[in-house]
Structure formats: C-alpha cells, structure tokens
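Here is the structure we will look at, set down as structure tokens.
Quantities reported herein were computed from a predicted structural model and do not represent experimental measurements.
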Amino acid sequence: MGEGKVDYVLVKSDFRGPEYAPSGWGTAEPVNLPWSPGRLTELARDRAPEPTHLLVTGHPDRPALAWIRVTRTTAGVEQDMTLTLGYGEDEQPPLDAIAPLAETLVSEHGLTTMLTSVRRASRDLTTAPVLQAPPVPVGFTLGARDVRGIGLTHARRPPVEVRPLVLGPAAEPALHYPLGDGSDAGALVELRRLADHLRAGVPGAEA
C-alpha cells in the first residue's frame, strides 16, 4: 500500500463527485499545503521508519477533515485514518457508498478494519463547547486477516439481526456488517454485541 493513496480513495474515488477531492494537507494546523499525493508520499518515505502524522482537508463545497498516521512495519506500510465529512440538514450522506468503499479498500488496499458512523453536528465541522450525543454506527468492516484469525463461520454469525456482506476474494474473504442508517441509537448496543462476539472468536481471548 503506497503512502498517500488510501486517503485519496476515501475522499474522492468512492464518494462520488469532485467536491470530495482533497484540497490541502499538512503535518499540523493550519493546513496550508495544496493537495499533492506525491509530496505526501515523499514526506512519509523520508521520515521512515518514524511514523508520519498528517492532516488532510476537503473541498470548500464539502467540508472534510482527515487525520492520518502512516507507519512502516515489517509487513509493509500501515495507515490509520479518521475521516469526517460535513453535511447540512437538507443533504443526505451517501450511505450507499460505504459497502462499495469497503470492497475497494479490502480488495485493493488490504483494509484491516473500518467503522463508519454518523452524528448530529455542524456542517463546517466546528465543535461547540457543549455536551453532544455520541456517533451512531452505521457499518463495521472486518478485514480478511482478522476474519481468518477469528474464523469465518464464527465471524459471519453474530448475535445481531443483520448478516454481514462477504467482500473480497472467496479464498480470503472480509466481512461488512451493516448496522442501520444512523437514526437509531440502538446501533451502539448492536456494535458492542458484535464486538464481544468477534472478540470471543480470537484464540486465547477471554470469553
């Protein structure tokens, strides 16, 4: 997996339209460098084996902020990312794009896990100094490595109403668990039950 590539897939390729293209990046705020996958990749390579922490901002028409940690390991390059996209009251988040995005990340980028959630907040991603409701999960994706470690039979039979979608090649499947549309806070309970079930399938884990 090349440094600087996954974030481009996330904010442009699978969330359709030019408004999802990144506009800037940097190692700290304020983010003032124009978007350049090449320069981002070069920075991560120059800093290796030390990790690289990055911020990526979205197009003005689609507020977005991504926090990325790039780490070189014995297995290659790992990227941890938190991506937040802003939508207004009259806009519908493209929840139908989550499963195809998970498929792409599984098949082409070796996705480990992905949690997708929605929450009520300001479209411009600013945070008011008041207590806010927690995000409500809408989907969880488990990569092929963890499915293999847990066991496919155990992983695809969670104690929740929904059943996972199988992603990737049949020989090395990943699983995507839809958890609703974000309108029911009960999905938080479902996610905890799912996590407990998956953890129970890990060899050596406590029940």
Side-chain angles (χ1 to χ4, degrees), residues 1-87 93-94 97-117 119 121-127 135 137 139-149 167-169 172-176 202:
M1 184 186 303
E3 298 95 328
K5 188 173 184 181
V6 171
D7 48 288
Y8 184 73
V9 173
L10 277 171
V11 298
K12 185 173 189 298
S13 299
D14 287 276
F15 289 95
R16 300 168 293 275
E19 72 272 22
Y20 291 101
S23 63
W25 73 284
T27 58
E29 294 184 288
V31 176
N32 54 15
L33 297 175
W35 175 244
S36 171
R39 291 188 63 187
L40 188 154
T41 299
E42 182 179 355
L43 174 66
R45 285 176 175 167
D46 289 345
R47 289 191 172 185
E50 296 299 317
T52 299
H53 298 267
L54 303 165
L55 291 171
V56 178
T57 56
H59 191 278
D61 292 339
R62 173 59 59 214
L65 181 64
W67 176 90
I68 306 170
R69 183 175 188 268
V70 182
T71 308
R72 186 171 297 280
T73 69
T74 56
V77 176
E78 293 184 359
Q79 296 190 30
D80 296 311
M81 172 187 288
T82 299
L83 170 66
T84 305
L85 298 166
Y87 292 89
I98 295 173
L101 170 62
E103 176 76 54
T104 298
L105 295 178
V106 164
S107 300
E108 300 179 15
H109 301 283
L111 178 71
T112 302
T113 59
M114 180 173 74
L115 175 64
T116 310
S117 59
R119 69 177 302 171
S122 297
R123 184 182 187 275
D124 62 6
L125 306 184
T126 57
T127 303
F140 177 73
T141 308
L142 188 68
R145 184 189 66 186
D146 288 342
V147 169
R148 183 172 62 251
L167 307 177
E172 288 287 325
L175 296 174
H176 175 71
V202 177

(message) Tell me if the CZ atom of R119 is crowded by more than 12 foreign heavy atoms within 6.0 Å.
(response) yes
(request) Kindly indicate whether the side chain of R123, heavy atoms from C-beta on, has any atom under 4.5 Å from the side chain of R62. (result) yes
(message) Nearest 0.5 angstrom please: L167 CG to L175 CG, how far?
(response) 7.5 Å
(request) Calculate, to the nearest 0.5 Å, the distance between atoms CG and CG belonging to N32 and L55 respectively. (result) 11.0 Å
(request) Kindly compute the distance separating CZ (R69) from CD (E78), expressed to the nearest 0.5 Å. (result) 9.0 Å
(message) Under a 3.5 Å distance rule, please check whether W25 uses its side chain to pair with a backbone N or O of P34 as donor and acceptor.
(response) yes
(request) Supply the atom-to-atom distance W35 CH2 to L40 CG, rounded to the nearest 0.5 angstrom. (result) 5.5 Å
(request) Verify, without hydrogens or angle tests, whether T57 (side chain) and L65 (backbone) share a donor-acceptor contact under 3.5 angstrom. (result) no
(message) Using side chain to side chain donor-acceptor pair (under 3.5 Å), reason through E103 and S107 one step at a time and then give a plain yes or no.
(response) CA-CA 6 Å; E103 176 76 54; S107 300; 2.9 Å; yes
(request) Taking all non-hydrogen atoms of both residues into account, name the closest pair between S23 and G58 and its distance. (result) OG-O, 2.6 Å
(message) For a side chain to side chain contact (heavy atoms under 4.5 Å, CB included) check, start with the C-alpha distance between L142 and T113, then their side-chain angles and the critical distance, and finish with the verdict.
(response) CA-CA 5 Å; L142 188 68; T113 59; 4.1 Å; yes
(request) Identify the two heavy atoms, one from V31 and one from G24, that lie closest to each other, and give their separation to 0.1 Å. (result) CG1-C, 3.6 Å
(message) Looking at every heavy atom in both L83 and A66, which two are closest together, and how far apart are they?
(response) CD1-CB, 3.9 Å
(request) Mind listing the closest non-hydrogen atom pair of P137 and S117 along with its distance? (result) CA-CB, 3.8 Å
(message) Checking D80 against I68 for the side chain to side chain contact (heavy atoms under 4.5 Å, CB included) test, could you report, in this order, the C-alpha distance in whole Å, the side-chain angles of both residues, the deciding distance, and whether it holds?
(response) CA-CA 6 Å; D80 296 311; I68 306 170; over 6 Å; no
(request) Give the C-alpha distance, both sets of side-chain angles, the deciding distance and a yes or no for side chain to side chain contact (heavy atoms under 4.5 Å, CB included) between T116 and L101. (result) CA-CA 11 Å; T116 310; L101 170 62; over 6 Å; no
(request) Hey, could you give me the CE/CG distance between M81 and L105, rounded to the nearest 0.5 Å? (result) 9.0 Å
(message) Testing the basics here: between P22 and V56, what is the closest heavy-atom pair and its distance to 0.1 Å?
(response) CB-CG1, 3.8 Å
(request) Indicate yes or no for a side-chain donor-acceptor contact from T52 to the backbone of A48 under 3.5 Å, with no hydrogens or angles considered. (result) no
(request) Run the numbers on T141 and H176 for side chain to side chain donor-acceptor pair (under 3.5 Å), then give the verdict. (result) CA-CA 4 Å; T141 308; H176 175 71; 2.7 Å; yes
(message) Ignoring hydrogens, what is the shortest heavy-atom contact between L111 and M114? Give both atom names and the distance.
(response) CD2-CB, 4.0 Å
